[in-house]
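Some notes on the structure that comes next.
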Amino acid sequence: MAQYDLDPDRMRWHGANDPVGRFGYDADAYLRRQEARAIPPDELLRLDGVWVDYANFGGDVFSEDRWDLYYVAADAYLDALPAEAYIVRVHFHS
């Protein structure tokens with residue numbers, strides 16, 4: 001690893017590059033985490049006009065806990081919408 005300047009003691013480990021942190025949960029916790037992330041996008045525009053994303057949940061940008069809190073809240077919000085509500089998902093790249 002030293003030949004690629006990838007000294008593990010100098011790396012900043014987070015959910016994107018740490019397999020233990022990403023998959024080190026017990027099976028039930030891992031499934032709950034993935035279920036909460038299945039539907040909500042990375043940002044959510046609520047019916048009251050407020051944008052919500054992971055930044056509203058404090059912590060470090062690389063913190064998986066921050067993302068988990070957002071996805072659980074977004075998933076609960078979408079589940080609580082009235083049955084006649086339409087959900088529009090827009091994917092864009094700028």
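Residues Asp42 and Tyr71 bring a donor and an acceptor atom of their side chains to less than 3.5 Å of each other.
Dense packing is recorded around CG of Leu31, with more than 12 heavy atoms of other residues, nucleotides or ligands lying under 6.0 Å away.
Judged by distance alone, the side chain of Arg89 and the main-chain N or O of Ile39 form a donor-acceptor pair under 3.5 Å.
Criterion: ILVMFWY side-chain heavy atoms under 4.5 Å apart, direct or through other members. Under it, Leu47 and Trp51 are not part of a common hydrophobic cluster.
Minimum interatomic distance between Tyr70 and Glu43 (heavy atoms only, all atoms of both residues): OH-C, 3.4 Å. In terms of heavy atoms, Asp53 sits closest to Asn56 at N-OD1, 2.8 Å. Across every non-hydrogen atom of Ala29 and Asp26, the tightest pair is N-OD1, 2.9 Å.
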May I have the step-by-step check of salt bridge (charged side-chain N to carboxylate O under 4.0 Å, His left out) for Asp75 and Arg37, ending in yes or no? CA-CA 8 Å; Asp75 195 45; Arg37 292 173 177 231; over 6 Å; no
Could you check Leu45 against Val52 for side-chain contact (heavy atoms from CB on, under 4.5 Å), going step by step and ending with a plain yes or no? CA-CA 6 Å; Leu45 177 59; Val52 180; over 6 Å; no
Full working for side-chain contact (heavy atoms from CB on, under 4.5 Å) between Leu78 and Leu44: CA-CA 9 Å; Leu78 293 172; Leu44 178 68; 4.0 Å; yes
